[in-house]
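These values consider heavy atoms only, across backbone and side chains, with no hydrogens, waters or symmetry-generated copies. Sequential numbering from 1 along the given sequence is applied to the chain's residues.
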Amino acid sequence: LNTSLIVSKNNTTIVKPLIISLLASLAMMAIWFTLSVRMDSALPWFALVAALDIALLERFLRRKGQHSARWIAPSVTVLCILMSLWLITALSVHYAAGFNLVDSTTQMGAGLFNQLVVLRLTHSDWLILALAPVLAYLLANVGINDRRLSL
């Protein structure tokens, strides 16, 4: 790839931070799902851990003097939350209906997902889930820029 295509005139980069954030999100989804299975709970507090991981990895792996698009960390955090809850809810369908997990994951509709998540989460859980993208935004985009690692 030509780096001039990745870095714009104002030193903002998109491709590398997006890839880093997506990979961090996949790791957090795997950990969240595994913990959820082990603890038999949706563990909404893990959204804050995922936001922390996604934002800090994206931030600290930037080149010195570069900035990423401000939307990357919070958007990927929302995607991580949705996909993790989708997998956790599909596991509930798997246990309740006896479908295999792959079928539950791919064939569960948005309506069933919404109903099961609403039944499972409390008001404080929703608040925690709403705070996670805000935390990701703050950690990825605000603060001391000199602490970024140069590559």
Once side-chain contact (heavy atoms from CB on, under 4.5 Å) is applied, do any residues pair with A24, and if so which ones, sequence neighbours excluded?
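Here the qualifying residues are D53, I54, L57.
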Verify, without hydrogens or angle tests, whether S36 (side chain) and W32 (backbone) share a donor-acceptor contact under 3.5 angstrom.
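A pair under 3.5 Å: no.
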P17 backbone acceptor or donor facing S21 side chain under 3.5 Å:
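Here the side-chain-to-backbone pair exists.
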Are [X] and [Y] close enough that some pair of their side-chain heavy atoms sits under 4.5 Å apart?
X: L22; Y: L79; result: yes
X: R59; Y: L139; result: no
X: W86; Y: M108; result: yes
X: V134; Y: P74; result: no
X: Y137; Y: T77; result: no
X: L87; Y: M83; result: no

Pairs satisfying side-chain hydrogen bond (donor to acceptor under 3.5 Å, both in side chains), at least one member in residues 117-133, at least two apart:
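Every side-chain hydrogen bond (donor to acceptor under 3.5 Å, both in side chains) pair that includes a residue of residues 117-133, provided the two are not neighbours, is S92-R120, T122-S124, T122-D125.
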Grab the two heavy atoms, one from I128 and one from P44, that are nearest each other, plus how far apart they are.
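So the two residues come closest at CG2-O, 3.5 Å.
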Between A55 and A136, which heavy-atom pair has the shortest distance, and what is it?
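Where A55 meets A136 most closely, the heavy atoms are CB-O, 3.3 Å.
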Hey, what do you get for [atom1] ([X]) to [atom2] ([Y]), rounding to the nearest 0.5 Å?
X: L43; Y: L48; atom1: CG; atom2: CG; value: 12.0 Å
X: M28; Y: I81; atom1: CE; atom2: CD1; value: 12.5 Å
X: L85; Y: M29; atom1: CG; atom2: CE; value: 10.5 Å
X: L26; Y: S84; atom1: CG; atom2: OG; value: 9.5 Å
X: F33; Y: L91; atom1: CZ; atom2: CG; value: 4.5 Å

Shared hydrophobic cluster for L121 and V118 (ILVMFWY, side-chain gaps under 4.5 Å):
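Yes: a chain of side-chain contacts under 4.5 Å links L121 to V118.
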Same cluster for V49 and M39 if Ile/Leu/Val/Met/Phe/Trp/Tyr side chains link at under 4.5 Å?
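Linked, V49 and M39 end up in one cluster.
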With respect to L131, which candidate in L135, L129, L127 satisfies the side chain to side chain contact (heavy atoms under 4.5 Å, CB included) definition?
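Exactly one option meets the side chain to side chain contact (heavy atoms under 4.5 Å, CB included) with L131, and it is L127.
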Member of T89, V117, V93 meeting the side chain to side chain contact (heavy atoms under 4.5 Å, CB included) criterion with L112
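When side chain to side chain contact (heavy atoms under 4.5 Å, CB included) is applied between L112 and each of T89, V117, V93, only V93 qualifies.
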Kindly check if the number of other-residue, nucleotide or ligand heavy atoms within 6.0 Å of CZ (F113) is above 12?
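Counting neighbours around CZ of F113, more than 12 heavy atoms of other residues, nucleotides or ligands fall under 6.0 Å, so yes.
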Around atom CG of D40, are there more than 12 heavy atoms of other residues, nucleotides or ligands at under 6.0 Å?
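No, not enclosed.
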